[in-house]
Amino acid sequence: MNSNENQDHKVPKDHPRYQSLNYRRKIIEGMRNLITAEAGLIAHGRGECFDYILGEKTNSIAKKAIKAAVALLLLAKKPVISVNGNTAALCPKYLIELSNAVNAPLEINLFYRKEGRIGIIKKVLENAGASNLLGIDEEKMVEIKDLSSNRRIVDPNGIYLADVVLVPLEDGDRSEALKKLNKQVIAVDLNPLSRTSLCADITIVDNIVRTLPEMIKIVGELKKFSENELKKIIENFDNKKNIQNTLDLIINYIEKQKEDAFEILGT
Ligand code: PTJ
């Protein structure tokens, strides 16, 4: 990247939307460095829009899903965390921390398999401290059934064998294919209406940059729980109800924003 481009994306720390602009910068730089797909910018923008109407914070509904997700990961025999370009660009260190905390390897799994992307994402994760990454050795990869996108290409020791898969920022088809293979799916998706959100076993409607640190914190709490206590958390979790509650939260948030806007407009 040349110095002009660097300057273009420098965000002043006192900017009221510093954090949001900083994550944008990471996605843009990620695209220039081949970490993020071009479409990753559009996906990020869609996510920002949903985050906006969720109040840009991890609400109590998302926290319930996070707790159930952590319980499921701790109970899993072969959990795997799927990594795409956006997550690698936004929060590589948190991915590694969660992977270590719940003993779930990271598997690079891309929708857009542009040449060189896997190697570059591997480097990003390794520079952030990862080891034993899956999804790297192209020659050893296998395919999962009923899926025509590139996400069908999986590691024979990872997603292929996994009982629980954490899929952040997905694109629909794969979650359905994983479900058909009797795997349990945990989705992190700011859009509560996406196909991924609606077909996952546990849907965390939240921004991945906030979800991962929250998950890591909850692992610390739930690690002391017995197997039965963890099972109880999952039994008491109702994904359908949680998504309905999220939609109600969005409706209420927009109603409130409408009132506030009318006040500003003086009507
Ligand atoms: O790196 P690749 O090649 O694997 O491609 C990754 C993308 C994200 C480009 C690919 O999976 C894709 O096109 O995804 P979609 O269909 O755009 O879906 C992404 C979903 O993630 C959308 O529902 C967004 O609202 C949501 N999303 C975007 N940013 C975030 C997010 N959810 C949580 N946290 C975010 N930061």
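Keep in mind that this is a model prediction, so the values were computed, not measured. Numbering of ligands and ligand atoms starts at 1, following listing order.
- Judged by distance alone, with hydrogens and angles left aside, the side-chain atoms of Asn242 form no donor-acceptor pair with the main-chain N or O of Lys64 at under 3.5 Å.
- Below 3.5 Å of separation, one finds an N or O of Glu170 facing an N or O of ligand 1.
- In this structure, Lys114 does not count as a contact residue of ligand 1, since none of its heavy atoms falls inside 4.0 Å of the ligand.
- In summary, Glu214 and Lys217 engage in a salt bridge, as defined by a charged side-chain N under 4.0 Å from a carboxylate O.
- In this structure, the side chain of Ser197 does not engage the main chain of Leu193 through any donor-acceptor pair within 3.5 Å.
- In terms of polar-atom proximity, Tyr112 is counted as a contact of ligand 1, with an N or O under 3.5 Å from an N or O of the ligand.
- The closest approach between Arg151 and ligand 1 falls below 4.0 Å for a heavy atom of the residue.
- Checked for salt-bridge contact, Glu143 and Arg151 miss the test: no charged N lies under 4.0 Å from a carboxylate O.
- At a 3.5 angstrom cut-off on N or O pairs, Leu190 counts as close to ligand 1.
- Each of the following atoms of ligand 1 lies closer than 4.0 Å to a heavy atom of Phe111: 2 (P), 3 (O), 4 (O), 5 (O).
- Remark: ligand 1 atoms within the under-4.0 Å shell around heavy atoms of Gly40 are 9 (C).
- The protein heavy atom nearest to atom 11 (O) of ligand 1 is Asp171 OD2, 2.6 Å.
- A salt bridge does not link Lys57 with Asp51: every distance from a Lys NZ or Arg NE/NH1/NH2 to an Asp or Glu carboxylate oxygen is 4.0 Å or more.
- Remark: the Asn239 side chain and the Thr203 side chain contain an N/O donor-acceptor pair separated by less than 3.5 Å.
- The N/O atoms of Asn207, backbone and side chain alike, include one that comes under 3.5 Å of an N/O atom in ligand 1.
- For the residue pair Asp189/Thr196, the side-chain donor-acceptor check at 3.5 Å is not satisfied.
- Residue contacts with ligand 1 leave out Val209, since none of its heavy atoms falls under 4.0 Å from the ligand.
- Taking every heavy atom of Ala43 and a limit of under 4.0 angstrom, the matching atoms of ligand 1 come to 8 (C), 17 (O), 24 (C), 28 (C), 29 (N).
- Considering backbone and side-chain N/O atoms, Gly85 comes within less than 3.5 Å of an N/O atom of ligand 1.
- The ligand atoms of ligand 1 that sit less than 4.0 angstrom from a heavy atom of Arg117 are 1 (O), 2 (P), 3 (O).
- Using a 4.0 Å cutoff on heavy atoms, Asp206 counts as a contact of ligand 1.
- The distance criterion of under 3.5 Å between nitrogen or oxygen atoms is met by Ile208 with respect to ligand 1.
- Of the possible polar contacts, none joining the Arg117 side chain to the Arg113 backbone as a donor-acceptor pair under 3.5 Å is found.
- Of all atoms in ligand 1, numbered sequentially from 1 with element shown, those under 4.0 Å from a heavy atom of Asp189 are 20 (C), 21 (O), 22 (C), 23 (O), 24 (C), 25 (O), 26 (C), 32 (N).
- Taking all heavy atoms of Asn86, Val188, Thr87 into account, the minimum distance to atom 7 (C) of ligand 1 is reached by Asn86.
- Among all protein heavy atoms, the one lying closest to atom 31 (C) of ligand 1 is Leu169 CG, 3.5 Å.
- One finds the CG atom of Leu72 at 4.5 Å from the CD1 atom of Ile186 (value rounded to the nearest 0.5 Å).
- Contact detail for Ile144 and Tyr160: the closest heavy-atom pair is CG2-CD1, 4.0 Å.
- A distance-only check finds no donor-acceptor pair linking the side chain of Arg46 to the backbone of Ala43 [under 3.5 Å].
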